[in-house]
Amino acid sequence: IVSPGAAMLISPADIESHANLIRSAGVFVTQLEQPIDSALKALEIAREARVTTILNPAPAASLPDRIYKLCDYVTPNETEAEELTGIKVASIDDARRAAESLLEKGVGAVIVTLGEKGALLHTKDRSDHVGAVNAGPVVETTGAGDAFNGGLAAALAKGVQPLEAVRFACAVAGISVTRPGTAPSMPTLDEVEALLAGA
């Protein structure tokens, strides 16, 4: 269930009024809980400023073709990948096919999140499956996508290479699902680094 509330009132003009904040970012992340026109405007501003862009296409929606070329990374889960490509994602090979379809639309790199199977990083040069990072029994998965995207953005902003950034993001998500809630389930950097050191 999505209840976007005030987010649906965000307009392209609101985005323009905060353009300098976007231009000053190391990494810019957006999703689809606000109008798509507003996400598009923000991605255009970030792209013009050479800021790394991540689109988390959640909740699943049909997107205008021009949005894809503005994205360095698109991070759909299996359901969202199917919505964007028409390819049912039930395996890692399916995820590769869906990711390749998104690359053809102009995306720089695709990361399909696969829940307990981890994530697939797919670019024009390589395709790597990164296993999930187990941090304990699963309590709730509501915030897993946000945790993954936040971890990915944080790692890329620190200059971590994409494959290691995906592994870091898997660890962030792995910890988040062991706790209830969304924002309260997000781990600290120390927790993530400790988990990765022991993995």
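Just so you know, these numbers use all the heavy atoms, side chains as well, and skip hydrogens, waters and symmetry mates.
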Determine, using the 4.5 Å side-chain heavy-atom cutoff (strictly less than), whether [X] and [Y] are members of one ILVMFWY cluster.
X: Val107; Y: Leu63; result: yes
X: Leu195; Y: Val177; result: no
X: Val74; Y: Val29; result: no
X: Phe28; Y: Tyr73; result: no
X: Val133; Y: Val160; result: no

Answer whether the closest heavy-atom distance between the side chains of [X] and [Y] falls below 4.5 Å.
X: Leu70; Y: Arg47; answer: yes
X: Glu100; Y: Val110; answer: no
X: Ile67; Y: Leu43; answer: yes
X: Thr30; Y: Asn56; answer: no
X: Gln31; Y: Leu55; answer: no
X: Ile111; Y: His122; answer: no
X: Cys170; Y: Thr113; answer: no
X: Asn149; Y: Ile54; answer: yes

When rounded to the nearest 0.5 angstrom, what distance separates [atom1] in [X] from [atom2] in [Y]?
X: His129; Y: Leu120; atom1: NE2; atom2: CG; result: 7.0 Å
X: Glu82; Y: Asp94; atom1: CD; atom2: CG; result: 9.5 Å
X: Phe148; Y: Asn77; atom1: CZ; atom2: CG; result: 11.0 Å
X: Ile175; Y: Thr188; atom1: CD1; atom2: OG1; result: 7.0 Å
X: Ile22; Y: Ile15; atom1: CD1; atom2: CD1; result: 5.5 Å
X: Asp128; Y: Leu121; atom1: CG; atom2: CG; result: 6.0 Å

Quick check: closest heavy atoms across [X] and [Y], and the distance to 0.1 Å?
X: Ala61; Y: Leu32; value: CB-CD1, 4.0 Å
X: Val112; Y: Ala99; value: CG2-CB, 4.3 Å
X: Leu102; Y: Pro76; value: CD1-CG, 4.2 Å
X: Ala25; Y: Val51; value: O-CG2, 3.4 Å
X: Lys117; Y: Ala90; value: NZ-O, 3.9 Å
X: Gly151; Y: Phe168; value: O-CD2, 3.4 Å

For Pro162, does its backbone N or O pair with a side-chain atom of Arg167 as donor and acceptor, under 3.5 Å?
-> no
Hey, is [X] close enough to [Y] for a salt bridge, meaning N to O under 4.0 Å?
X: Lys158; Y: Glu164; result: no
X: Lys88; Y: Glu83; result: no
X: Glu16; Y: Lys41; result: yes

Evaluate whether atom CZ of Arg23 has more than 12 neighbouring non-hydrogen atoms of other residues, nucleotides or ligands under 6.0 angstrom away.
-> yes
For Glu116, look at atom CD and say whether over 12 heavy atoms of other residues, nucleotides or ligands are found less than 6.0 Å away.
->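 No.
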Any side-chain donor-acceptor pair under 3.5 Å between Ser11 and Asp14?
->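 Yes, Asp14 and Ser11 have a side-chain donor paired with an acceptor closer than 3.5 Å.
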Step by step, would you call Glu44 with Arg66 a salt bridge (charged side-chain N to carboxylate O under 4.0 Å, His left out)?
-> CA-CA 10 Å; Glu44 286 170 350; Arg66 64 195 176 107; 3.3 Å; yes
Report the C-alpha distance between Thr52 and Asp72 in whole Å, list the side-chain angles of each, state the deciding distance to 0.1 Å, and finish with yes or no for side-chain hydrogen bond (donor to acceptor under 3.5 Å, both in side chains).
-> CA-CA 6 Å; Thr52 298; Asp72 292 307; 4.5 Å; no
From CA spacing to verdict: salt bridge (charged side-chain N to carboxylate O under 4.0 Å, His left out), Glu104, Arg97 | CA-CA 11 Å; Glu104 288 167 5; Arg97 283 192 290 277; over 6 Å; no
Between Pro12 and the options Ser38, Pro35, Ser17, the side-chain contact (heavy atoms from CB on, under 4.5 Å) test singles out Ser38
